[in-house]
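Numbered from 1 within each chain, the chains take letters A, B, ... in sequence-line order.
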There are 2 protein chains.
Amino acid sequence: MKKTPFDMDKSVQVLKILGDKTRLTIVALLMKRELCVCELLEVFEMSQPSISQHLRKLKDAGLVKEARKGQWVYYSLNETAEYYPFIQTVINYIPDQSNKIRQIEKSNPTLRCGC
Amino acid sequence: MKKTPFDMDKSVQVLKILGDKTRLTIVALLMKRELCVCELLEVFEMSQPSISQHLRKLKDAGLVKEARKGQWVYYSLNETAEYYPFIQTVINYIPDQSNKIRQIEKSNPTLRCGC
DNA sequence: ATTACATATAAGTATATTCTTATATATCTA
DNA sequence: TAGATATATAAGAATATACTTATATGTAAT
């Protein structure tokens with residue numbers, strides 16, 4: 001399992017992207033499962049545009065991909081990225097985010113009516 | 001070799017510190033051996049205060065330690081830091097910096113007179 | 001002691017980053 | 001088609017970052 005080193009600039013870009021609490025948490029959450037913007041909104045005390053802007057950065061860097069499903073846009077980790085194993089390794093070092101996933105599932109924002 | 005996750009804020013701090021090309025390169029170089037400021041100056045196209053300021057950030061974050069030896073101040077990685085294994089892992093993913101070490105040894109800035 | 005060298009700190013500046021609010025766009029539903 | 005919901009983009013503001021030059025400090029050598 002020898003890892004080919006990435007380009008220096010790319011490495012710096014990835015580390016910089018992950019060096020933000022919101023984005024690092026988003027990536028850790030996406031490690032658990034794909035999530036739409038409104039689900040992410042549940043766990044951050046931040047405006048919707050702010051979340052979208054972080055997701056944009058993650059997408060531009062190739063770390064995540066998006067898929068529209070009806071009115072929702074779901075984000076997931078880009079597992080085909082060459083540096084995906086690196087992302088996995090980093091996330092391995094940070095605290096588990098299961099509590100936030102539970103928080104999302106409790107509020108369940110994509111379920112319109114409770115009937 | 002289970003790794004205990006670090007505090008989220010600490011993780012973000014470390015990633016942010018490493019998310020800069022100069023600092024990431026410094027850390028990669030220190031992985032090879034300890035270096036003084038004037039040696040680092042040889043491989044960066046940057047002023048001396050700028051290098052010192054990066055080293056200060058690395059020191060404040062606990063990633064490196066310093067040791068004065070006469071008129072020189074040598075910096076080395078803080079191998080006792082709890083997140084040192086993490087640093088090692090990250091550096092494993094980036095290109096080898098041996099060429100820059102060679103460059104330092106060729107100019108040999110701590111050798112005052114060539115006689 | 002004076003001078004030179006190595007490094008650190010101070011102060012200022014240009015740019016980058018991360019928010020915010022306002023608005024545009026896309027989809028669903030009635 | 002109109003209204004509601006989900007998301008993206010634009011524009012602006014506050015703050016952070018990374019450099020610069022000038023200067024201070026600490027050590028060595030003459």
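- With rounding to whole Å, B:Arg68 atom CZ is found 16 Å from C:dC5 atom P.
- Atom NE2 of A:His54 and atom C1' of C:dC19 are 8 Å apart (whole Å).
- Among the heavy atoms of the strands lying under 4.0 Å from B:Lys16 are primed sugar atoms or P, OP1, OP2 only; no base atom is included.
- Within 4.0 Å of A:Glu66, counting heavy atoms only, lie sugar-phosphate atoms of the nucleic acid but no base atom.
- Rounded to whole Å, the distance from CH2 on A:Trp72 to P on D:dA6 is 7 Å.
- Here the closest heavy-atom approach between residue B:Leu55 and residue B:Val64 is recorded as O-CG2, 4.1 Å.
- Between D:dT9, D:dT17, D:dT7, one nucleotide has an atom nearer to the side chain of A:Cys36 than all others, and that is D:dT7.
- With contacts defined as side-chain heavy-atom distances shorter than 4.5 Å, the pair B:Pro109/B:Leu41 does not qualify.
- Considering all non-hydrogen atoms of both residues, A:Gly19 and B:Lys16 come closest at O-CE, 2.9 Å.
- You won't find any donor-acceptor pair under 3.5 Å spanning the side chain of A:Gln71 and the base of C:dT29, going by distance alone.
- Note on B:Lys57: only backbone sugar-phosphate atoms sit closer than 4.0 angstrom, heavy atoms only; bases stay farther off.
- Nearest to the side-chain atoms of B:Ser52 among the listed nucleotides D:dT21, C:dA8, D:dT9 stands C:dA8.
- The one candidate from A:Lys100, A:Arg33, A:Lys32 that meets the salt bridge (Lys or Arg N to Asp or Glu O under 4.0 Å) condition with A:Glu105 is A:Arg33.
- Rounding to whole angstrom units, CG of residue A:Leu58 and C1' of D:dA8 are separated by 15 Å.
- Distance B:Leu41 CG to D:dT20 P: 10 Å, rounded to the nearest Å.
- In terms of heavy atoms, A:Gly62 sits closest to A:Asn78 at O-ND2, 3.0 Å.
- Checking D:dA18, C:dT7, C:dT18 against every side-chain atom of B:Val73, the shortest atom distance belongs to C:dT7.
- When rounded to the nearest whole Å, the span between CG of B:Asp60 and P of C:dA8 equals 12 Å.
- Residue B:Glu42 comes nearest to B:Gln103 through the heavy atom pair O-NE2, 3.1 Å, listed as atom of the first residue, atom of the second, then distance.
- When heavy atoms are screened at a 4.0 angstrom cut-off, A:Tyr75 is found touching the sugar-phosphate backbone but no base atom.
- When each of A:Met46 and A:Gly70 is assigned the nucleotide of DNA chain C with its nearest heavy atom, A:Met46 is the one assigned upstream, toward the 5' end.
- B:Leu35 has its CG atom 15 Å from the P atom of C:dA6, to the nearest Å.
- For A:Gln48 and D:dA8, a side-chain-to-base donor-acceptor distance below 3.5 Å is present, hydrogens and geometry of angles not being considered.
- Nearest nucleotide to the side chain of B:Ser50, out of D:dA8, D:dT17, D:dT20: D:dT20.
- OP1 or OP2 of D:dA18 sits under 4.0 Å from a side-chain N or O of B:Arg23.
- A sub-4.0 Å separation between OP1 or OP2 of D:dT20 and a side-chain N or O of B:Ser47 is present.
- Judged by distance alone, with hydrogens and angles left aside, B:Gln53 brings no side-chain donor or acceptor close enough to the base of C:dT7 to form a pair under 3.5 Å.
- Distance NZ (B:Lys21) to C1' (C:dA16): 17 Å, rounded to an integer number of Å.
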